[in-house]
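Throughout, residue positions are numbered sequentially from 1 according to the sequence presented. When a ligand or atom number is given, it counts from 1 through the structure's own listing order.
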Amino acid sequence: MRTAVVIPVYNEAATIREVVTAALHQVDHVIVVDDGSVDESAQQLADLDIHLLRHTRNQGKATALQSGFDHALTLNASAVITLDGDGQHNPGEIPNLLISMRENPRSIIIAARLKQRHNAPRLRLFANRFADFWVSWAAGYPVTDSQSGFRLYPSGLLRSIRLNTSKERGFVFESEIVIEAASHNFYSVSVPVESIYRTGGRQSHYKPWTDTWRIVRMIAWRLIRRGLYLQGLFRSLGIMPDPRKHAT
Ligand SMILES: Nc1nc2c(ncn2[C@@H]2O[C@H](COP(=O)(O)OP(=O)(O)OP(=O)(O)O)[C@@H](O)[C@H]2O)c(=O)[nH]1
Ligand SMILES: [Mg+2]
């Protein structure tokens, strides 16, 4: 089985080399999508055995992920792992995702930041929990850490889904793909990983109010189109049975 890591990068010169070097130890291919960085991110990787894709201008995280997925599929990867370039995900934890994939071959495996959660800023933690509630409702089952960028996708799912990847939906994509996947009978399971927040790191690209609002808006539209999908709400709260128990 061939595995690929996709790393979307926007100005991560300080951390990207360390992240990519660690990822190279874990998988067959490392695909870095440099999304119009104006720092030295690409130069940091010049001598490494990776697939470096470059967008000439910044198009957002969603487009970068989709470019990486398309490339991984041309390499015949059967599983694609995404992780962030800012050092918040430890590539050393990839084997745990691969182990879970063997038991859940049709699942998105979310590396859920459940260990040392107190490291996360309180506003981010609140925004994440808030997003989890809505994503779970729309997906129709409980989703843990729906905002984690560290996850594994089976290639069968990536072949069957196309989402809107416009720039302002950069941080909407990872919620939307979990919801859309459920309607294709691909569910998610979570594997607990460490929550890493470095003090003195660069400012977040995630805007807690704007990006959370964009996620809620995307979900609200989906719920309205499904007549509020109350069955999904009840399943997500455990009042009705979890559809994953019957999934093949
Ligand atoms: N390709 C691309 N990647 C981006 C863009 N914005 C952010 N990223 C990448 O997406 C990842 C996550 O961005 P962060 O700003 O760390 O967002 P976050 O991890 O949700 O937020 P924090 O928890 O505050 O770190 C990093 O690897 C960024 O380089 C973008 O416009 N294009
Ligand atoms: Mg980050």
Q: Confirm or rule out an N/O/S atom of D84, from backbone or side chain, lying less than 2.8 Å from the Mg ion (ligand 2).
A: no
Q: Supply the atom-to-atom distance Q147 CD to D211 CG, rounded to the nearest 0.5 angstrom.
A: 9.5 Å
Q: Please confirm whether R202 approaches ligand 1 to less than 4.0 Å, judged on its heavy atoms.
A: yes
Q: Might you point out which heavy atoms bring H205 and Y10 nearest each other, and give the distance in Å?
A: NE2-O, 3.2 Å
Q: Of all the non-hydrogen atoms in the protein, which one sits nearest to atom 24 (O) of ligand 1, and at what distance?
A: S204 OG, 2.7 Å
Q: Just heavy atoms, cut-off under 4.0 Å: does D84 contact ligand 1 by side chain, backbone, both, or neither?
A: both
Q: Nearest heavy atom to atom 20 (O) of ligand 1 wins, so pick from H205, R124, Q59.
A: R124
Q: Using a 4.0 Å cut-off to any heavy atom of F171, which atoms of ligand 1 qualify?
A: 7 (C), 13 (O), 17 (O), 20 (O)
Q: If you measure from each non-hydrogen atom of T63 to ligand 1, which part falls under 4.0 Å: side chain, backbone, both or neither?
A: neither
Q: Would G85 count as being in polar contact with ligand 1, using the rule that some N or O on each side must be under 3.5 angstrom apart?
A: yes
Q: Go through ligand 1 atom by atom and flag the ones less than 4.0 Å from a non-hydrogen atom of A64.
A: 1 (N)
Q: Please round to the nearest 0.5 Å and tell me the distance separating atom CD of Q26 and atom CG of L24.
A: 10.0 Å
Q: Please list the nearest protein heavy atom to atom 32 (N) of ligand 1 with its residue and the distance rounded to 0.1 Å.
A: D35 OD2, 2.4 Å
Q: To the nearest 0.5 Å, what is the distance between OG on S188 and OH on Y153?
A: 10.0 Å
Q: Tell me if the CG atom of D47 is crowded by more than 12 foreign heavy atoms within 6.0 Å.
A: yes
Q: Just wondering, more than 12 heavy atoms not from Y197 lying within 6.0 Å of its OH?
A: yes
Q: Mind checking whether P8 has an N or O less than 3.5 Å away from an N or O of ligand 1?
A: yes
Q: Taking W137 for the side chain and Y229 for the main chain, is one N or O donor matched with an acceptor at less than 3.5 Å?
A: yes
Q: Check whether R2 reaches the backbone of N76 with its side chain - one donor and one acceptor, N or O, closer than 3.5 Å.
A: no
Q: Has Q88 got an N, O or S atom lying less than 2.8 Å from the Mg ion (ligand 2)?
A: yes
Q: Just verifying a value: how many Å separate L163 CG and S175 OG, rounded to the nearest 0.5 Å?
A: 11.0 Å
Q: Pick one of side chain, backbone, both or neither for how H89 approaches ligand 1, counting any non-hydrogen atom pair under 4.0 Å.
A: neither
Q: Rounded to the nearest 0.5 Å, how far apart are NE2 of H89 and CD1 of I94?
A: 11.0 Å
Q: Quick one: nearest non-hydrogen protein atom to atom 16 (O) of ligand 1, plus distance?
A: D86 OD2, 2.7 Å
Q: Scan D84, D132, D145 and name whichever one has a salt bridge (Lys or Arg N to Asp or Glu O under 4.0 Å) with R113.
A: D145
Q: Counting only heavy atoms not in E18, do more than 12 fall under 6.0 Å of its CD?
A: no
Q: Would you check the N or O atoms of N58, main chain and side chain alike, for any that come under 3.5 Å of an N or O of ligand 1?
A: yes
Q: For ligand 1, is there an atom lying under 4.0 Å from some heavy atom of G170?
A: no
Q: Using a 4.0 Å cutoff against the non-hydrogen atoms of Y197, which atoms of ligand 1 qualify?
A: 23 (O)
Q: What protein heavy atom sits nearest atom 5 (C) of ligand 1, and how far away is it?
A: Y10 CB, 3.5 Å
Q: Looking only at N, O or S atoms in D86, which is nearest to the Mg ion (ligand 2)?
A: OD2
Q: For atom 25 (O) of ligand 1, which of the options R113, Q88, E12 provides the nearest non-hydrogen atom?
A: Q88
